[in-house]
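Take a look at the structure below.
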Amino acid sequence: MAKREFYVLVEKDGSGGFVGEAPQFRSCTGRGRTLDELMANMQKEIASCLQNEDADIRSEVVGIYKIDV
């Protein structure tokens with residue numbers, strides 16, 4: 001199977017760890033104490049989402065923008 005690229009949105013959680021979400025899917029999230037652990041967990045989670053025959057892949061992520069309000 002050809003490799004595909006997916007984006008992971010990463011945030012810090014309240015305990016100092018990290019939470020990730022693959023926004024291309026409706027529900028594809030993971031956690032990790034370190035960024036390396038989070039990325040390893042997200043690789044497994046995304047692979048699981050892709051194996052699901054009901055995988056709901058959203059449109060391609062274009063970017064995250066920061067604005068002042």
Side-chain angles (χ1 to χ4, degrees):
M1 177 192 313
K3 288 193 173 198
R4 296 169 59 185
E5 289 185 334
F6 291 92
Y7 291 93
V8 176
L9 176 63
V10 178
E11 298 180 66
K12 277 199 133 197
D13 68 12
S15 66
F18 298 92
V19 177
E21 175 187 1
Q24 295 91 333
F25 297 94
R26 287 213 184 276
S27 180
C28 192
T29 61
R31 295 184 153 304
R33 291 180 303 245
T34 65
L35 284 173
D36 288 339
E37 183 179 317
L38 170 63
M39 289 299 115
N41 291 342
M42 287 303 301
Q43 282 183 316
K44 293 174 192 172
E45 189 66 29
I46 291 170
S48 175
C49 289
L50 287 170
Q51 287 179 356
N52 181 356
E53 290 185 21
D54 296 329
D56 187 8
I57 298 178
R58 295 177 175 179
S59 59
E60 182 179 341
V61 173
V62 175
I64 296 174
Y65 296 87
K66 181 179 178 180
I67 62 171
D68 293 323
V69 179

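Each residue takes its place number in the sequence, starting with 1.
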Nearest 0.5 Å, what's the [atom1]-[atom2] distance between [X] and [Y]?
X     : Y     : atom1 : atom2 : answer
Phe18 : Lys12 : CZ    : NZ    : 4.5 Å
Gln24 : Cys49 : CD    : SG    : 10.5 Å
Leu9  : Thr29 : CG    : OG1   : 11.5 Å

**Message:** If the condition is side-chain hydrogen bond (donor to acceptor under 3.5 Å, both in side chains), which residues does Asp13 pass it with, not counting sequence neighbours?
**Reply:**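 Only Ser15, Arg31 meet the side-chain hydrogen bond (donor to acceptor under 3.5 Å, both in side chains) criterion with Asp13.
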
**Partners meeting side-chain hydrogen bond (donor to acceptor under 3.5 Å, both in side chains) with Glu37 (sequence neighbours left out)** =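 Glu37 satisfies side-chain hydrogen bond (donor to acceptor under 3.5 Å, both in side chains) with Arg33 once adjacent residues are dropped.
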
Which pairs would a plain distance check flag for residues 61-69, meaning a side-chain donor or acceptor within less than 3.5 Å of a matching protein atom at least two apart in sequence or in another chain?
none

**Message:** Can you list, by chain and residue number, the hydrophobic cluster partners of Val19 when the side-chain cut-off is 4.5 Å?
**Reply:**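 For Val19, no cluster forms, as it stays isolated from other hydrophobic side chains.
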
**Message:** Go through it in stages, so that I can follow the logic: the residues are Val8 and Glu21, the test is side chain to side chain contact (heavy atoms under 4.5 Å, CB included), and I'd like the CA-CA distance, side-chain angles, deciding distance and then a yes or no.
**Reply:** CA-CA 5 Å; Val8 176; Glu21 175 187 1; over 6 Å; no

**Asked** Under the ring pair (Phe, Tyr, Trp, His ring centres under 6.0 Å) test, which residues partner Phe6, sequence neighbours left out?
**Response**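 Partners of Phe6 by the ring pair (Phe, Tyr, Trp, His ring centres under 6.0 Å) criterion, ordered by chain and then number, come out as Phe25.
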
**Item:** Derivation of the side chain to side chain contact (heavy atoms under 4.5 Å, CB included) call for Ile46 and Arg4
**Value:** CA-CA 10 Å; Ile46 291 170; Arg4 296 169 59 185; over 6 Å; no

**Prompt:** What is the minimum heavy-atom distance between Cys28 and Glu45, and which atoms define it?
**Reply:**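 Taking Cys28 first and Glu45 second, the nearest heavy atoms are SG-CG, 3.5 Å.
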
